[in-house]
Structure formats: structure tokens, C-alpha cells
Amino acid sequence: AMNHGAIGIVFKVNSEKYVPEVLSHIMESRHTFRSKDDITLDLDNGIFPGIVARTGIIDSIMGIKSCDLNSLINSKLKNHQSAAGLLKTKVSFKIEKQKRDFRSQNVVGVIKGIEDKVGIIVSAHYDAVKGNDSLSYTGANDNASGTAATLQLANVFSEITKSGNKPENTIAFVLFSGEEVGLVGSRYFVKHIPFLMDSSTLVINLDCVGIVDTL
């Protein structure tokens, strides 16, 4: 839609009870394609606004009847014809955005090895988003699971080092903030790396390690 000049998108729903479901699908699609698609990143950042409203309200604003329009679109599709351009109307919306600034930080820990330069980075993001379903705790897996695994690995390697077995490479453990709002913490980290790295540094990123593979 953006590639064809759209400056926003309107989701029509039949009832208010479907609004959480629609919002859930929107968020899922953003997360699925965010790392590959700049357009969905724009959605997350609010550049491309989305409006969710009941069908009756949208019909009233645009002066249409959804049932008639849907029948017309379906007839076109059955005849393998394009449904584009069936409805042309001009609608104006006034959207007031509120900018909210907040402080956040990455958490970095280093275990010194024989080599001073960091040869291995173990990472995870520790921020999470709230699910629409009050009984859904998505942050438990995305990404408290990865955060817990990273902290446990840091503890294990710390104990090994204290016992006198120093690792060959210096190991860094990094917990990123702001992953859910556009990889903010990791982007900042790459631009402001706080330690010297080896030319072949290995990065092991732990995200959603609580998923059970049933295959």
C-alpha cells in the first residue's frame, strides 16, 4: 500500500470484541517481518499509522455499504479482474502523536581471557511487550528465557574462571534493551562497542529459547 502512495491504513472490524484479535495479528505480522522489511519498521515507529474501527463507523465516514462493496469486489475477483479503483473517496483524519522519551541501557559483563580482545559475545534482549490477552505472558519466553540463559552462562563461566581455568578468549555477555521497538539497544551497541574485539569474534544470540520443538 505504501508503495502505491498510501499514507495510512484502516482496519474495519464487525464488532469491538474483534479489535484485540485484529491488533494481535497486526503485531504478529510486524514481528515476523520487522528485521527484513523497513516498511514494517516504519509501522512500529508510527510513521505509517494504522486505525482500527468498527465497520459501521467507516461506512458512515466513507459513504458506503460494506456488504455491497464486498459483493462487488468478490464478483470482480471471481472473474479474475482487479478490484483496484472500485471506490474513490477522500477522507481526512487528524492524528495527534505524543512523543515519549525514556532512558534505557544495555547491560555488559566481561570475563577476561588469555587474549584481551573479546572473541565471543553471548547476548539476549531483556525488554518485552505486553500481549493483548491478559493471560498471555509473552515476555516469559520473549525474552526472559534468553536473558536467564545468558545470565546463567555468565555465572558458570565466572565460576570456571575463579577456579583457575582462564578461557583462551575474553568473553562478553550483553543484554540489549529496546529490541521490541526497532533493535535500538543492539544498533547502539554496534556503533559504540565498549571493548576491543577480535577480527573473528563469534556472537551467540539467545532469543526465545523457551520454544519447544515438537518435530
With a 4.5 Å heavy-atom cut-off, do Leu196 and Val118 have their side chains touching?
-> no
Is it the case that one hydrophobic cluster holds both Leu153 and Leu202, taking links as side-chain heavy atoms less than 4.5 Å apart, direct or via other members?
-> yes
Could you tell me whether a side-chain N or O of Ser60 sits under 3.5 Å from a main-chain N or O of Ile57, the two making a donor and an acceptor?
-> no
Between the side chain of Asp198 and the main-chain N/O of Ser200, is any donor-acceptor distance below 3.5 Å?
-> yes
Atom pair OG1 (Thr201) and CD1 (Ile120), whose distance is rounded to the nearest 0.5 Å = 9.0 Å
Would you say the side chain of Glu179 lies within less than 4.5 Å of the side chain of Asp207, judging by non-hydrogen atoms?
-> yes
To the nearest 0.5 Å, how far apart are CD in Glu159 and CD1 in Ile111?
-> 9.5 Å
Cluster companions of Val190 among Ile, Leu, Val, Met, Phe, Trp, Tyr (side-chain spacing under 4.5 Å) = none
Validation row: Thr55, Val13 side chains within 4.5 angstrom (heavy atoms) | no
Does anything in residues 157-188 pair up under ring pair (Phe, Tyr, Trp, His ring centres under 6.0 Å), and if so which pairs, sequence neighbours excluded?
-> Phe176-Phe189, Tyr188-His192
Linking directly or through intermediates, with side-chain heavy atoms under 4.5 Å: list the remaining ILVMFWY members grouped with Val156, chain and number order.
-> Ile160
Return yes if a side-chain donor-acceptor contact under 3.5 Å exists between Ser177 and Asp127, otherwise no.
-> no
Separation between CG of Asn143 and CG of Asn205, rounded to the nearest 0.5 Å = 7.5 Å
Same apolar cluster (I L V M F W Y, side chains within < 4.5 Å links), Val122/Val108 | no
Compare all side-chain heavy atoms of Ile171 with those of Val110 and state whether any distance is below 4.5 angstrom.
-> no
side-chain hydrogen bond (donor to acceptor under 3.5 Å, both in side chains) against Ser163, all qualifying residues, sequence neighbours excluded = Asn165
Check Ser186 against Leu183 and note the closest heavy-atom contact, atom names and distance.
-> OG-O, 3.2 Å
Given Asn169 and Lys117, is the side-chain contact (heavy atoms from CB on, under 4.5 Å) satisfied, shown in steps?
-> CA-CA 7 Å; Asn169 294 295; Lys117 292 182 179 180; over 6 Å; no
Quick one: do the Asp142 and His125 side chains pair a donor with an acceptor below 3.5 Å?
-> yes
Would you indicate whether Glu168, at its atom CD, is surrounded by more than 12 heavy atoms from other residues, nucleotides or ligands within a distance under 6.0 Å?
-> no
Hydrophobic cluster identity match, Leu151 and Val174, side-chain contacts under 4.5 Å = no
Which pairs with one or both residues in residues 55-68 pass salt bridge (Lys or Arg N to Asp or Glu O under 4.0 Å), sequence neighbours excluded?
-> Lys12-Asp59
Can you name the closest pair of heavy atoms from Gly113 and Lys166 and give their distance?
-> O-CE, 3.4 Å
Find the distance between SG (Cys67) and CG (Leu72) and round it off to the nearest 0.5 Å.
-> 11.5 Å
With the 4.5 Å side-chain cut-off for hydrophobic clustering, are Val203 and Ile193 part of the same group?
-> yes
Apart from Ile114 itself, its cluster of hydrophobic side chains linked below 4.5 Å comprises none
Audit row: Ser123, Leu206, side-chain contact (heavy atoms from CB on, under 4.5 Å) steps and yes/no = CA-CA 6 Å; Ser123 65; Leu206 305 174; over 6 Å; no
Could you tell me whether the side chains of Ser145 and Asn141 share a donor-acceptor contact shorter than 3.5 Å?
-> yes
Does some side-chain heavy atom of Leu175 sit less than 4.5 Å from a side-chain heavy atom of Thr150?
-> yes
